[in-house]
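In the text below, chain A, chain B and the rest are named by the order of the sequence lines, each starting its count at 1. Predicted model only: the values in this text are computed from it and were never measured.
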There are 2 protein chains.
Amino acid sequence: MTTASARDRILNTAFRLFYARGIRAVGVDLIISESGVAKATFYKHFPAKDELVLAYLDKVDGIWTGQLHEAAEAAGPEPADQLVGLFDALDTACRREGYRGCAFINAAAEAAPGTPVHARTVAHKQAVLAWLRDLAARASADDPDTLARTLALLLDGGLSDGALAADPEAAHAAKAAAKRLVSTSVPSAAA
Amino acid sequence: MTTASARDRILNTAFRLFYARGIRAVGVDLIISESGVAKATFYKHFPAKDELVLAYLDKVDGIWTGQLHEAAEAAGPEPADQLVGLFDALDTACRREGYRGCAFINAAAEAAPGTPVHARTVAHKQAVLAWLRDLAARASADDPDTLARTLALLLDGGLSDGALAADPEAAHAAKAAAKRLVSTSVPSAAA
DNA sequence: TTGATGGTAGACAGGTCTGTCTGCTAGCGT
DNA sequence: ACGCTAGCAGACAGACCTGTCTACCATCAA
């Protein structure tokens, strides 16, 4: 059953444990034993724990960004529709068993500002914002920048509240609000 | 200069360090030495670190809730105006030196679900939501529940993004969006 | 005077953390 | 046959963690 490479097993285990318990709460020894790898192998692939954390955040970025794009594209070809449809990814995420909020916000809570880990979370949030801004611009919104920022607020608020409120309606409210904001922000106004 | 009681000194030091560096990142020994207190005194007031964490969250709750209420009341007597005005507290918070996001969201990121610390953060978020719901109802909103939830989303999103985006405009965008949502949700419609 | 209260100072135990190091094994290309 | 790469197993060092314990000191009230 040792089909996956050692590096992949380490990263998959870290992905699961870091997200479920928090980064500081998970020791290197636990990751090593759960992934069935030798300590030397671990440190060969990830010379320091922080580098594994960075790889973990890259992995989360790929997955979450992919889900966001998929949900957006599933809403059709119109950028205005995609800006609303992407909130379906939030809904799906919140309903998932073991949902614990945004991995980036959580990581930033544990990392000191200025560290590579913290910088990585900022970069992620800015990438998402840039994507939203692009969609808003292509939707010909009156003020693409403000619309994008506002939708980012709803998205990040939903990611947090979905975990803390134990309220599956948070994602629903976020999508509904997005719909209202988008429909009143684009001239075509297909409410 | 040792005017404050030992308990207060401990709590003040914990408040500063927990918020700035994260809960797990701050050891009991550091709090003890920074607050100039003996170890036995520390454990007399807080038999376990978790109890200090709970006291810390209570303190944050008092301060943040107070700022929220103040900002709301500063906007005038009308509940609809207060629902918008409370976002000034977000703006003030985000501009503060050393701002690191919502202490509750950060604490929840480090605490396992089901623990007292995690439960405390959920309780806080629900208290804020209940307050918003009350204001929305008194503002005669069409759907007070949804309006309250949506504003909570904007507020929590602003708390997160204000720390991660290094973007002082996040709070501004949150308030602007709140204004739009409130003005289109209450019949009086004083846009 | 006595005793309760609240504080200081710091050793100590037992565990966990990250990271290094030594040895051994198996496959694979040349 | 050889050596290279990738991996396994686990001891070890040194720091840091929470929490307990002993011992001493100051103040104030009965």
Next item on the list: Would you tell me whether A/Thr41 and A/Arg9 have side-chain atoms, one donor and one acceptor, within less than 3.5 Å of each other?
Entry: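 No pair is found: no donor N or O on one side chain lies under 3.5 Å from an acceptor on the other.
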Item checked: Donor-acceptor pair, side chain of B/Arg100 and main chain of A/Ala109, under 3.5 angstrom ->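 Yes, B/Arg100 side chain to A/Ala109 backbone: donor-acceptor pair under 3.5 Å.
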Item checked: A/Ser5 side chain, from C-beta outward: closest of C/dT18, D/dG7, D/dA9 ->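 The listed nucleotide nearest to A/Ser5's side chain is D/dG7.
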Checklist line | Nearest to side-chain heavy atoms of A/Ala6, which nucleotide of C/dT18, D/dG7, C/dG19 | finding: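 The listed nucleotide nearest to A/Ala6's side chain is D/dG7.
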What's the [atom1]-[atom2] distance between [X] and [N], to the nearest Å?
X        : N      : atom1 : atom2 : answer
B/Asp29  : C/dA13 : CG    : C1'   : 14 Å
B/Arg24  : C/dG15 : CZ    : C1'   : 14 Å
B/Phe42  : C/dG7  : CZ    : P     : 14 Å
A/Ile32  : D/dA11 : CD1   : P     : 14 Å
B/Leu30  : D/dC16 : CG    : P     : 11 Å
B/Asp50  : D/dG19 : CG    : C1'   : 13 Å
A/Tyr43  : C/dC17 : OH    : P     : 11 Å
A/Glu110 : C/dC17 : CD    : P     : 14 Å

Checklist line | Parallel, tilted or perpendicular: rings of A/His124 and A/Phe104 (30°, 60°) | finding: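 A/Phe104 vs A/His124 ring planes: parallel.
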Note to self: Does the plane of the ring in A/His69 sit parallel, tilted or perpendicular to the ring in A/Trp131? Use 30° and 60° as the thresholds.
What the structure shows: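 The arrangement is parallel - the two ring planes meet at less than 30°.
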[X] side-chain N/O to [N] phosphate OP1/OP2 under 4.0 Å:
X       : N      : result
B/Arg9  : C/dT8  : yes
A/Thr41 : D/dA6  : no
A/His45 : D/dG7  : yes
A/Lys44 : D/dG7  : no
A/Lys39 : D/dG10 : no

Check: NA contact type, A/Ala40, heavy-atom cut-off 4.0 Å: base, sugar-phosphate, or nothing?
Finding: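 The residue A/Ala40 makes base contact.
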Item checked: Residue whose nearest DNA chain C nucleotide is more 5′ - A/Ala48 or B/Ser35 ->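 The 5'-side residue here is B/Ser35.
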Item checked: Salt-bridge criterion met for A/Arg149 and B/Asp161 (N-O under 4.0 Å) ->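 Looking at A/Arg149 and B/Asp161, the cut-off is not met.
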